[in-house]
Amino acid sequence: MITLWHNPRCSKSRQALALLEEAGADVQVRRYLDDAPTLAELTTLRHALGHPPARDMMRRGEKVFKELGLSKDSPDSDLMAAMASHPILIERPVAIKGDRAVIGRPPDNVTDLL
């Protein structure tokens, strides 16, 4: 089973979902904007992604990023907390299978979990 943190309004997210479905993958969709991940879930995700800097998991162009006074140099703990409080900041889509995860940018990345 692959869990896809999905935003149906995002074309990259829709493309990633289509790729997984076309490949016959068993996909569980999580609309992460409506069902926000906890800080613990984001920490687990970070490990599954291979421990990237928190900024690499974020949509730094979102208005709320600047409103919160965040920058690419903000401490990882601040960035992780911001994603937990404002899930719009999480880069999308995210595909998770077991203890592995990928960010679907580009959408083809999700096929690494097949």
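Values reported hereafter were calculated over all heavy atoms of this structure, with side chains retained and with hydrogens, waters and symmetry mates removed.
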Check: D108 main-chain N/O paired with T111 side-chain donor or acceptor under 3.5 Å: yes
Sub-4.5 Å side-chain heavy-atom contact between M57 and L45: yes
Contacts of type side chain to side chain donor-acceptor pair (under 3.5 Å), residue R100, not counting sequence neighbours: none
Joint hydrophobic cluster, F65 plus I90, side-chain heavy atoms closer than 4.5 Å: yes
Summary of side-chain hydrogen bond (donor to acceptor under 3.5 Å, both in side chains) pairs that have at least one residue in residues 52-65, sequence neighbours excluded: R59-E62, R59-E91
Minimum heavy-atom distance M83-A54, with the two atoms named: CE-O, 4.1 Å
Close side-chain approach of L70 to V64, heavy-atom, < 4.5 Å: no
Closest non-hydrogen atom pair, I96 against A101: CG1-CB, 4.0 Å
From M58 atom CE to L89 atom CG, the distance as rounded to the nearest 0.5 Å: 4.5 Å
Distance-minimising heavy-atom pair for Y32 and P37: O-CD, 3.9 Å
Within one Ile-Leu-Val-Met-Phe-Trp-Tyr cluster: V94 and V102, side-chain cutoff 4.5 Å: no
Sequence neighbours left out, cut at 3.5 Å: what donor-acceptor pairs do the side chains of residues 2-12 make with other protein atoms?
{"from": "H6", "atom 1": "ND1", "to": "S13", "atom 2": "OG", "distance (Å)": "2.6"}
{"from": "N7", "atom 1": "OD1", "to": "R9", "atom 2": "N", "distance (Å)": "3.0"}

Close side-chain approach of V29 to V27, heavy-atom, < 4.5 Å: yes
Where at least one partner belongs to residues 22-31, residue pairs that pass salt bridge (charged side-chain N to carboxylate O under 4.0 Å, His left out), sequence neighbours excluded: R30-D35, R30-E41
Non-neighbouring partners of T43 that pass side-chain contact (heavy atoms from CB on, under 4.5 Å), sequence neighbours left out: L39, H47, M80
D99 side chain vs A48 backbone, donor-acceptor pair below 3.5 Å: no
Nearest atoms (heavy-atom pairs only) where V110 meets A95: CG1-CB, 3.8 Å
Separation between CG of L79 and CG of L68, rounded to the nearest 0.5 Å: 10.0 Å
Verify same cluster id: L49, L20 (apolar side-chain graph, 4.5 Å): no
side-chain hydrogen bond (donor to acceptor under 3.5 Å, both in side chains) pairs, two or more places apart, involving residues 70-81: R46-D76
